Every structure is written in C-alpha cells, then in structure tokens.
K.L.:
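Structure incoming, see below.
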Amino acid sequence: MGSRLAVVSGGGTGIGAAIAGSLARDGYDVLVAGRRADVLAAAAERIGVDCGRPDAVTPVTADLTDPEQLDRVLAAVDGRAVDAVVNNAGGYLGGETDTLAGTAAHWRANLDANVLTAVLLTEALRPALRRPGGRVILVSSISAQRGGGGPYSAGKAALHGWAYDLAAQLGPEQITVNVVSPGYVAETEFFGDRMTPEGHATRVAATLVRRAGLPDDIAEAVRYLASPAAGYVTGQVLGVNGGSVLGR
C-alpha cells in the first residue's frame, strides 16, 4: 500500500482513467469512483498491470449526485488521509427542451452531473484531506470560458467561482484548490457518436498547435497540480487547450 491516496471521480474512461493512471504510476493508491462498476473494474485492472502494482487502483461504484452513496467512498478511504481529490465526473447531458419542464430537467441534470458531484465528493472528503499538503482539483472545460454548451457551460463555469471560495477557505490549512480547463480532447466518450470528421478538423484548426488534445495532456496538468511542486499554486484556472482560448 502506497503512502499517498488520491480519489478520482469519473475515473473509468478517458481523461479520468488517464489521471488515475498517471497518479498510480507516481506511487499513489487511487480510488476511482463512478456509476459503472464494470468500466471502473476494467480500468483498475488495466492501470494496475500498467504500473506494476495490481492493487494500486480500487474501484468504488457510487452515484455521486446521491448524498447517501458518498458513504461508499468514505468506506473505501477507510480513515486514511486523502492527498488529492480530483473531481473529473461530468459531461454534457442532452434532454428535451421544448417545454419549461423539459428545460428545467435538462438544466438540473447537467448541474447535478457537473457541479453537485464535485461539491458532494469534496465536502465528504474535506475532513480527510491531508493537512498540510492536500490538493483539490476540479476538471472544468473550455466552454466555461467561451460558452457553447448551455447548461454544461454554466455548470463548468460554476466550478471556477466555487474553486476560488474553496481556495480561500482551505488555504490557511495549506490545502490548494485549482481548476484544469481542457479544450478539445479526442479519444474520450464526451461526444459519443456526435463527432464528425468536419467537427474534429474545425476544433483542431482552432488550436495554435494544430492538434487535438489527448487524455494524457490533461492528466499531466493534474499530476503537476497534485504534486509538491505546485504547493504555491492555488485558486487558479489552468487552461490546457492548445491555445484555443488564450489565458487571461
């Protein structure tokens, strides 16, 4: 068992799995939390083989929008200090918006998936965060800065404001809070079957480096923010977007 513990939500596929793998290779024990038990178990097994530590990653099946299911995460933590909480769960959820009731349901689903999951997981683990040295990292989106995603954009933007508050609250305890804001990242489930070759080309052309991001690009940013090297970085939004949106 490693000396450091990280909890990664949405850690079964794409960016979340890349983050879990990166932290496991750095020697963390990693809990990956999400709703799909089979996907989480497969990711945990694969990462364990890749990093040469079969028990490095533990899957925890839980719907993080349900306060009662957070007990499953706490049980898996089992009283240990948590070095890093990486709130990666979320995504764009479609829905019927032709009626006010449909619009309300659409917005609630997206805010629950992208904001409430982060708030509940972080608040559940807040007492367990290592003091000093704990890390809270929120995975946002370029759409929080430039729009284009309706309730998804609004939810991701909400993480920014909350991160600033949380950074101020936890800073005196030497716990940092930061946001990673990815641009277009290929090789994830985010777009499902909605992505076309034309859409891919347009998004690549919008970057300054003329390539799509990969899950490992985001994982490396999280890896830095989780490390001791980032102890003087807090309350920041780190754009990892190939220059699609410039820093400001």
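For the single chain, residues carry numbers from 1 onward in sequence order. A quick note: this is a predicted structure, and the numbers were derived from the prediction, not measured.
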K.L.:
Nearest 0.5 Å, please: how far is OH in Tyr224 from CZ in Arg135?
P.N.:
9.0 Å
K.L.:
Please tell me whether Thr122 and Asn87 have a donor and an acceptor in their side chains that are separated by less than 3.5 angstrom.
P.N.:
yes
K.L.:
List the atom of Val240, the atom of Ile218, and the distance in Å for their closest heavy-atom pair.
P.N.:
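Looking at all heavy atoms of both residues, the shortest contact is CG1-CD1, 3.7 Å.
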K.L.:
Between Trp162 and Val119, which heavy-atom pair has the shortest distance, and what is it?
P.N.:
CH2-CA, 3.6 Å
K.L.:
Check whether any side-chain heavy atom of Val185 lies under 4.5 Å from a side-chain heavy atom of Arg203, and answer yes or no.
P.N.:
no
K.L.:
Between Ile19, Leu5, Val57, which is the residue that forms a side-chain contact (heavy atoms from CB on, under 4.5 Å) with Val30?
P.N.:
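Answer to the side-chain contact (heavy atoms from CB on, under 4.5 Å) test with Val30 among Ile19, Leu5, Val57: Val57.
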K.L.:
Can Arg108 and Leu111 be said to form a side chain to side chain contact (heavy atoms under 4.5 Å, CB included), step by step?
P.N.:
CA-CA 5 Å; Arg108 288 193 183 105; Leu111 293 176; 5.9 Å; no
K.L.:
How long is the gap from OG on Ser3 to CG on Asp83, to the nearest 0.5 Å?
P.N.:
7.0 Å
K.L.:
Is a donor on one side and an acceptor on the other found under 3.5 Å between the side chain of Asn241 and the backbone of Ser244?
P.N.:
yes
K.L.:
Between Tyr164 and Leu159, is there a side-chain heavy-atom distance shorter than 4.5 Å?
P.N.:
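Contact flag for Leu159/Tyr164 side chains = no.
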K.L.:
Would you call Asp26 and Arg4 a salt bridge, taking side-chain N to carboxylate O under 4.0 Å as the test?
P.N.:
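No.
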K.L.:
Could you report the tightest heavy-atom contact between Thr117 and Ala89, atom names first, then the distance?
P.N.:
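Heavy-atom minimum between the residues: OG1-O, 4.0 Å.
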K.L.:
Of Leu31, Val136, Val77, which meets side-chain contact (heavy atoms from CB on, under 4.5 Å) against Val82?
P.N.:
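Of Leu31, Val136, Val77, side-chain contact (heavy atoms from CB on, under 4.5 Å) with Val82 is met by Val77 alone.
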K.L.:
Where do Ala24 and Arg53 come nearest, in terms of heavy atoms and distance?
P.N.:
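Ala24 and Arg53 have their closest heavy atoms at O-NH2, 2.9 Å.
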K.L.:
How long is the straight-line distance from CG of Leu74 back to CG of Leu125, given to the nearest 0.5 Å?
P.N.:
6.0 Å
K.L.:
Check whether any side-chain N or O of Arg36 sits under 3.5 Å from a backbone N or O of Gly12 as a donor-acceptor pair, and report yes or no.
P.N.:
no
K.L.:
Can we say Arg35 and Asp63 salt-bridge, meaning some charged N sits less than 4.0 Å from an Asp/Glu carboxylate O?
P.N.:
no
K.L.:
Before you tell me yes or no, could you show the steps for Arg126 and Gln169 under side-chain hydrogen bond (donor to acceptor under 3.5 Å, both in side chains), namely the whole-Å CA-CA distance, both residues' side-chain angles and the distance that decides it to 0.1 Å?
P.N.:
CA-CA 11 Å; Arg126 187 166 172 169; Gln169 294 167 18; 2.9 Å; yes
K.L.:
Tell me if the CG atom of Leu208 is crowded by more than 12 foreign heavy atoms within 6.0 Å.
P.N.:
yes
K.L.:
Give the minimum heavy-atom separation between Leu238 and Ala221, together with the two atoms involved.
P.N.:
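For Leu238 versus Ala221, the nearest heavy atoms are CD2-CB, 3.9 Å.
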K.L.:
Taking all heavy atoms of Ala158 and all of Val115, pick out the closest pair and write down the distance.
P.N.:
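So the minimum-distance heavy-atom pair works out to CB-CG2, 4.1 Å.
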